[in-house]
K.L.:
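This is the structure, below, for whatever I ask next.
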Number of protein chains: 2
Amino acid sequence: VSDSIVISIDAMGGDHGPAVAVPGVALALERLGGRKARFLLFGDEILLGVELAKYPAARAVCEVRATDKVITPDEKAAQALRRGKGSSLWNAVEAVRNGEANAAVSGGNTGALMAISKLLLRMTGGLDRPAIVASWPTMRGVTAVLDVGANIESDAAQLVEFAVMGEAFHCAVHGSVRPTVGILNVGSEEQKGHEEVREAHRILRDAGLNLDYRGFVEGDDIAKGAVDVVVTDGFSGNIALKTAEGLARFVGSVMRESFTSSLRNKIGALIAGPALRQIRERLDPSSVNGGPLLGLNGIVIKSHGGADARAFANAIRVAADLAFSDYAAQIDRNMKQLAAALPGHVQQEEPGARAGGETQ
Amino acid sequence: VSDSIVISIDAMGGDHGPAVAVPGVALALERLGGRKARFLLFGDEILLGVELAKYPAARAVCEVRATDKVITPDEKAAQALRRGKGSSLWNAVEAVRNGEANAAVSGGNTGALMAISKLLLRMTGGLDRPAIVASWPTMRGVTAVLDVGANIESDAAQLVEFAVMGEAFHCAVHGSVRPTVGILNVGSEEQKGHEEVREAHRILRDAGLNLDYRGFVEGDDIAKGAVDVVVTDGFSGNIALKTAEGLARFVGSVMRESFTSSLRNKIGALIAGPALRQIRERLDPSSVNGGPLLGLNGIVIKSHGGADARAFANAIRVAADLAFSDYAAQIDRNMKQLAAALPGHVQQEEPGARAGGETQ
């Protein structure tokens, strides 16, 4: 665990480029407390210079790395792999690969970010693609739900990996000491669901991992905050997440409609306006910006393309929390324990920089 | 299409038995308009007599069929199949099988209702178990989502059956003339998702069914009401539904919290109270009671166990809408069209009463 880290930023990735990335860095800097960080900003030298001139405190800890290539939002992953070398996204990830940075943050094309990260950093375990974790607001705090979109079909061993990675993520980013873990299913009885979830359940229950595993949970347990980490395949996880995001927006429209339906309601809404504005944000899983790509030999954080400076700063905070923590070592310990408990479970050990604060 | 129907009621099935079933019938009766219905009430003769005495209009169209056996909520399906004969649930379904009733309504044990319905009525197509459809409130009205819990793994042909059944359901119960249909997936591009959804997509696009098929939809399209019928396997469908139900309850708790956080908000909430109370109900997919078990040779409606008289009346209305419509014939036509377009797709033709208004 390091007391000083370097974060590489793909400053051209989001919809607003350096105009959001630089103020995002400035905001993140204020919130780091006593922790020390430096930043490598990859992107257009002139645009970055203009923005940095407005934020002297940020400029003092930023180094600009000029790039003139950008990966567009609609570029296919395969194309980004072929022609992406030298782009701001590629170089930000490569800085982690080379040991120059402890973590990378990008608001760019998700498919390209996953493909390039996988190519440059390699996967640590048995996943085909990096997993994406959502930090989902609940009645009790934040629950980490994974995978929410990358791995369409997941076998039992991959679901167990999600449990191990999600648990370490919740410790590092949401400050839990011992997060509880559940597998998403259509009922809580042992015989429910398909073979993959039942097998993952047996492994988590019996393999003696250092995890507080609580068994199956159902969809309504997410918002309840019944457990801190919810494990699911990328197909069901993506559908659950998007369904919830859609419902949160529906809440907004129903509230607007209800509160303009009569003079009495209009007056009530006028008085309670600030509360109404907060409600949608409290509900929406997409309001917490900064999802790590899990399962890589290195820390890569995906920010929403449309993030504003405040949201981008949150993605940087997630990167810093992971880089300052012993997250990578914690995953490593549990994966080794798993390999020992299940000799049949193959864990690929790849060469290359391991995540965490080892490069400084 | 009949102008007079008979509905059989499992009066002991819900948490409150005849005390909800009978007032439910009375309420439903008021809302049938010019349509004529009679009811067969299966359950405890004395309890039913006491309740019917309070509702003379209902008593005039109800016939009590005494049963003294009840299937409990925690009974396993296999046990219910062995010892359920002669129970209120069994006999209500049997009345449909015998041609005495056009539809059955039960608030009893879901697993038992599915197993007994499958045994007595048989499945019409290639499903292993009846599908459950949720009537999901959206920004534009109501979207039918199926399957939401019965069929854990669904192949392409089964997903296509859901589309055909869901479309006929939306016409009959929600009054659409030509409902739009989509398949739930993790993206709208053709290459997204697993093989089953991509194959179902190809069939619905190319098989020349008389369906307004719109391609893939994502989780957030449900609350938007992007299409009228959303097709999904029972695993993802159940997770989406329960996630949304959980979030709707979370809305309630966030609103309570927001509106008691300051004096100003308290006053606003006091004034806008009625609007606040409506909001949660408008959002919650479980607030629309009465889900048919689809894919059976006959109409069987599942009511929530905890339904009150108003909700039970809604389940009866769904039964009546289906029985009065040409729903069964519409499904039949599309399934025959499907069989002709896809010679490899086997459709089991079972003997026995076909659903709809044929028995009167």
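Residue numbers begin at 1 in each chain, while the letters A, B, ... track the order of the sequences. The figures here come from the full heavy-atom set of this structure, side chains too, leaving out hydrogens, waters and symmetry mates.
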K.L.:
Give me the atom names and distance for the closest heavy-atom approach of B:Gly193 to A:Phe235.
P.N.:
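Heavy atoms of B:Gly193 and A:Phe235 come nearest at CA-CE1, 4.4 Å.
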
K.L.:
With only heavy atoms counted, which part of B:Ile152 is less than 4.5 Å from chain A, the side chain, the backbone, both or neither?
P.N.:
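Contact with chain A is through the side chain of B:Ile152 alone.
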
K.L.:
For the candidates B:Gly246, B:Gly149, B:Gly219, which exhibits the highest count of non-hydrogen atom pairs separated by less than 4.5 Å from chain A?
P.N.:
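With the most close heavy-atom pairs to chain A, the winner is B:Gly219.
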
K.L.:
Relative to chain A, which segment of B:Ile222 carries a heavy atom at a distance below 4.5 Å: side chain, backbone, both, or neither?
P.N.:
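Contact with chain A is through the side chain of B:Ile222 alone.
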
K.L.:
So, taking the atom named NZ in A:Lys76 and the one named CD in B:Glu189, what distance separates them when rounded to the nearest 0.5 Å?
P.N.:
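Answer for the NZ-CD pair, A:Lys76 versus B:Glu189, is 6.5 Å.
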
K.L.:
Please look at B:Asp233 and chain A and tell me whether the side chain, the backbone, both or neither of the residue comes under 4.5 angstrom of a heavy atom of that chain.
P.N.:
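Just its side chain gets close to chain A.
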
K.L.:
How many angstroms lie between NE2 in B:His194 and CD in A:Glu153, if you round to the nearest 0.5 Å?
P.N.:
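One finds 6.0 Å between NE2 of B:His194 and CD of A:Glu153.
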
K.L.:
Which atom pair, heavy atoms only, marks the closest approach of B:Ser236 to A:Ser236?
P.N.:
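Distance-wise, the nearest heavy atoms are OG-OG, 3.7 Å.
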
K.L.:
Out of curiosity, B:Thr243 OG1 to A:Lys242 NZ, how far, rounded to the nearest 0.5 Å?
P.N.:
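Those atoms lie 14.5 Å apart.
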
K.L.:
Which heavy-atom pair separates B:Phe250 from A:Pro137 by the least distance, and what is that distance?
P.N.:
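In terms of heavy atoms, the two residues are closest at CE2-O, 3.5 Å.
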
K.L.:
Side chain, backbone, both or neither: which part of A:Ile239 has an atom under 4.5 Å from a heavy atom of chain B?
P.N.:
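Contact with chain B involves both backbone and side-chain atoms of A:Ile239.
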
K.L.:
Other residues, nucleotides and ligands only: do more than 12 of their heavy atoms fall within 6.0 Å of NZ on A:Lys224?
P.N.:
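Enclosed: over 12 neighbouring heavy atoms sit under 6.0 Å from NZ of A:Lys224.
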
K.L.:
Relative to chain B, which of A:Leu241, A:Asp221, A:Asn185 shows the most heavy atom pairs under 4.5 Å?
P.N.:
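When all of A:Leu241, A:Asp221, A:Asn185 are compared, A:Asn185 has the most.
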
